[in-house]
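One structure below.
Everything numeric in this text was worked out from a predicted model, so none of it was measured. Each chain gets a letter, A, B and so on, in the order the sequences are listed, and its residues count up from 1.
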There are 2 protein chains.
Amino acid sequence: MLGPSDDLQLDDLIVAAIRRLMRAVDLHSRRLAEECGLTGPQLATLREVDRRRSVSASTLARSVHLSGATMTGILNRLEKRGLVARTRGEQDRRTILVSATDLGQAVLARAPSLLQDEFRERLERLEAWEQLMMLANLQRIASMMDAEALDAAPHLIVEPPDATNERLPSEPPVSPGDDAFRHN
Amino acid sequence: MLGPSDDLQLDDLIVAAIRRLMRAVDLHSRRLAEECGLTGPQLATLREVDRRRSVSASTLARSVHLSGATMTGILNRLEKRGLVARTRGEQDRRTILVSATDLGQAVLARAPSLLQDEFRERLERLEAWEQLMMLANLQRIASMMDAEALDAAPHLIVEPPDATNERLPSEPPVSPGDDAFRHN
DNA sequence: GGCAGATTCTTCGTATGCAAAGCAAATTGA
DNA sequence: TCAATTTGCTTTGCATACGAAGAATCTGCC
């Protein structure tokens, strides 16, 4: 372990790195907006809407880790551009079911990644174990900071080399009901 | 390396982890605001103002990795509460020199860390090499995403309260590979 | 001196992002 | 059955965040 003075150093460095990362994400979001007309959160939301066929707004919010209020604003902008459609739920008329329009899917097909190309290229040049280590560390930090928010979902564990990593064991494949976020 | 389909998975997991991290930071910022009256960016700014004795607004913005426009808003709120004071530069009357008031220093002395206590406790329980690995990975990711912004310098060492307004790239150059493991 | 260009900060417009309050629909309980 | 609660979304208020444009100032060149 480190002494208290070193801990202060460590804290500051972590804070600085996180701030740098957040800024980079924000800047890339604005660049996305210029290039394809969608900001980062909008693109992430549209992708998730398209992946699942028809989702409630709250489920959507949880999937992309946003509050419901923020999701409302994003959906408003997406809807205003005709990229998604809002429908009232049949059985439960409180819920709003969101679905991607044809235009939305078309835009999505042309949209770039949520990560900068530069970053992806650099990442691709790394060895697989390095990629997984970085992901694991990122997830670990997220979990450590997220913990107070009660997320029981286990995340990526870097397995010894014999595990067949066809699919990384984090988010389950689409199954629309079991959201992995069931804390009520 | 991983195949293209796994890369897509990797991208998505990284995006999700980053989003989770950003949300956690935001939530902690709001908690800070309730507890000590200062949000995360405000506290970070006030700390930096106090550390250096008197800084220009632009230097401050670069130090905490914010744009000048954002810094203006934060300084407005800090000034309105009497925590910092703005003064015109003597030689260069374009610059705004920011300094912490007595009240600002008093508030600062009582303010908690920018990181959640939960996170810090968890971090402290880890071995030193693990702490450094996590920091190094975080800095590496930040650098990889930051690179396009020409910043390129992962500042491992917290700069001394130099007060001399340094020019552009500013941050002490550190070879990007071993940045986390340089003790001095 | 005097003016063109650069630099510094502020203002404006837009998009996140959250909590809390508000509203409507569904569920529960007596 | 119908009031009380819960649930799902929207609205409101505030604080980031950014770029672009504007105002004030400085610098260099003549």
Side-chain angles (χ1 to χ4, degrees), chain A residues 18-34 37-45 55-62 64-81 86-98 114 149 182-184, chain B residues 18-34 37-45 55-62 64-81 86-98 114 149 165 167-168:
Chain A
I18 288 177
R19 179 63 205 124
R20 214 144 58 91
L21 188 150
M22 289 177 66
R23 182 173 163 89
V25 169
D26 197 15
L27 294 182
H28 179 58
S29 174
R30 282 161 212 282
R31 187 180 249 175
L32 278 180
E34 282 182 14
L38 291 176
T39 65
Q42 289 171 7
L43 180 53
T45 299
V55 223
S56 75
S58 58
T59 302
L60 204 45
R62 279 192 298 271
V64 293
H65 302 286
L66 290 174
S67 75
T70 302
M71 184 51 68
T72 294
I74 291 174
L75 288 180
N76 284 343
R77 285 170 214 113
L78 290 179
E79 190 182 33
K80 195 188 299 180
R81 299 183 185 207
R86 276 197 256 220
T87 324
R88 282 272 171 211
E90 302 270 319
Q91 349 112 319
D92 188 341
R93 301 202 51 80
R94 287 171 303 179
T95 63
I96 293 287
L97 295 179
V98 187
L114 276 166
R182 193 67 62 80
H183 34 56
N184 46 350
Chain B
I18 288 177
R19 179 63 206 124
R20 213 144 59 91
L21 189 150
M22 289 176 65
R23 182 175 164 89
V25 169
D26 198 15
L27 293 183
H28 179 59
S29 174
R30 283 161 213 283
R31 188 179 246 179
L32 278 181
E34 282 181 15
L38 291 176
T39 66
Q42 288 172 6
L43 181 53
T45 299
V55 222
S56 76
S58 57
T59 302
L60 205 46
R62 281 192 298 271
V64 293
H65 303 286
L66 290 174
S67 76
T70 302
M71 183 51 69
T72 294
I74 291 174
L75 288 180
N76 284 343
R77 285 170 214 110
L78 289 179
E79 191 182 33
K80 195 188 300 180
R81 299 184 186 207
R86 275 197 256 222
T87 324
R88 281 275 170 210
E90 302 271 319
Q91 352 112 319
D92 188 343
R93 300 200 51 79
R94 288 171 303 179
T95 63
I96 291 288
L97 295 180
V98 187
L114 276 165
N165 290 3
R167 226 31 193 143
L168 251 172

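What separates CD1 of Ile74(B) from C1' of dC14(D) is a distance of 13 Å, to the nearest Å. Between Asp26(A) atom CG and dG17(C) atom P there is a gap of 8 Å when expressed in whole angstrom units. Across the protein-nucleic acid pair, Arg30(A) atom CZ and dA20(D) atom C1' stand 12 Å apart, rounded to whole Å. Rounded to whole Å, the distance from CZ on Arg31(B) to C1' on dA15(D) is 19 Å. Here dC18(C) presents its C1' atom at 10 Å from CZ of Arg19(B), a figure rounded to the nearest Å. Rounded to whole Å, the distance from CD on Glu34(B) to C1' on dA20(C) is 11 Å. For His28(A) and dA15(C), the NE2 to C1' distance is 16 Å, given to the nearest whole Å. Leu32(A) has its CG atom 11 Å from the P atom of dT16(C), to the nearest Å.
Contact detail for Leu97(B) and Ser56(B): the closest heavy-atom pair is CD2-N, 3.9 Å. The nearest pair of heavy atoms linking Thr39(B) to Ala33(B) is CG2-CB, 3.9 Å. Between Arg23(B) and His65(A), the shortest heavy-atom distance links the atoms CD-O, 3.2 Å.
Scored by the side chain to side chain donor-acceptor pair (under 3.5 Å) test, Arg77(A) finds no partners at all (sequence neighbours excluded). With sequence neighbours left out, the salt bridge (Lys or Arg N to Asp or Glu O under 4.0 Å) criterion links Arg81(B) to no other residue.
The phosphate of dA15(C) has neither OP1 nor OP2 within less than 4.0 Å of any side-chain N or O from Gln42(A). A close approach under 4.0 Å does occur between a side-chain nitrogen or oxygen of Thr70(A) and OP1 or OP2 of dC18(C). Between dG17(C) and Arg23(B), no contact under 4.0 Å exists linking OP1 or OP2 to a side-chain N or O.
The side-chain heavy atoms of Val64(B) and Met71(B), taken from C-beta on, include a pair separated by under 4.5 Å. At a threshold of 4.5 Å between non-hydrogen side-chain atoms, the residues Arg62(A) and Thr59(A) count as touching.
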Would you tabulate the nitrogen or oxygen pairs shorter than 3.5 Å linking the protein to nucleotides 8-10 of chain D?
unit_1  : atom_1 : unit_2   : atom_2 : d
dC9(D)  : OP1    : Ala57(A) : N      : 3.1
dC9(D)  : OP1    : Ile96(A) : N      : 3.0
dC9(D)  : OP2    : Ser58(A) : N      : 2.8
dC9(D)  : OP2    : Ser58(A) : OG     : 2.7
dT10(D) : OP1    : Arg86(A) : NH1    : 2.7
dT10(D) : OP2    : Thr72(A) : OG1    : 2.9
dT10(D) : OP2    : Arg86(A) : NH1    : 3.2

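Considering only the side chain of Pro41(B), dA17(D) comes nearest among dA17(D), dA15(D), dA26(C). Taking every side-chain heavy atom of Arg93(A) into account, dA26(C) is the closest of dA26(C), dA15(D), dT16(C).
Residue contacts for Gln91(B): at a heavy-atom cut-off of 4.0 Å it reaches the sugar-phosphate backbone alone, with no base atom in range.
Each of Glu90(A) and Gly73(A) was assigned the nucleotide of DNA chain C with the nearest heavy atom; the assignment lying further toward the 5' end belongs to Gly73(A).
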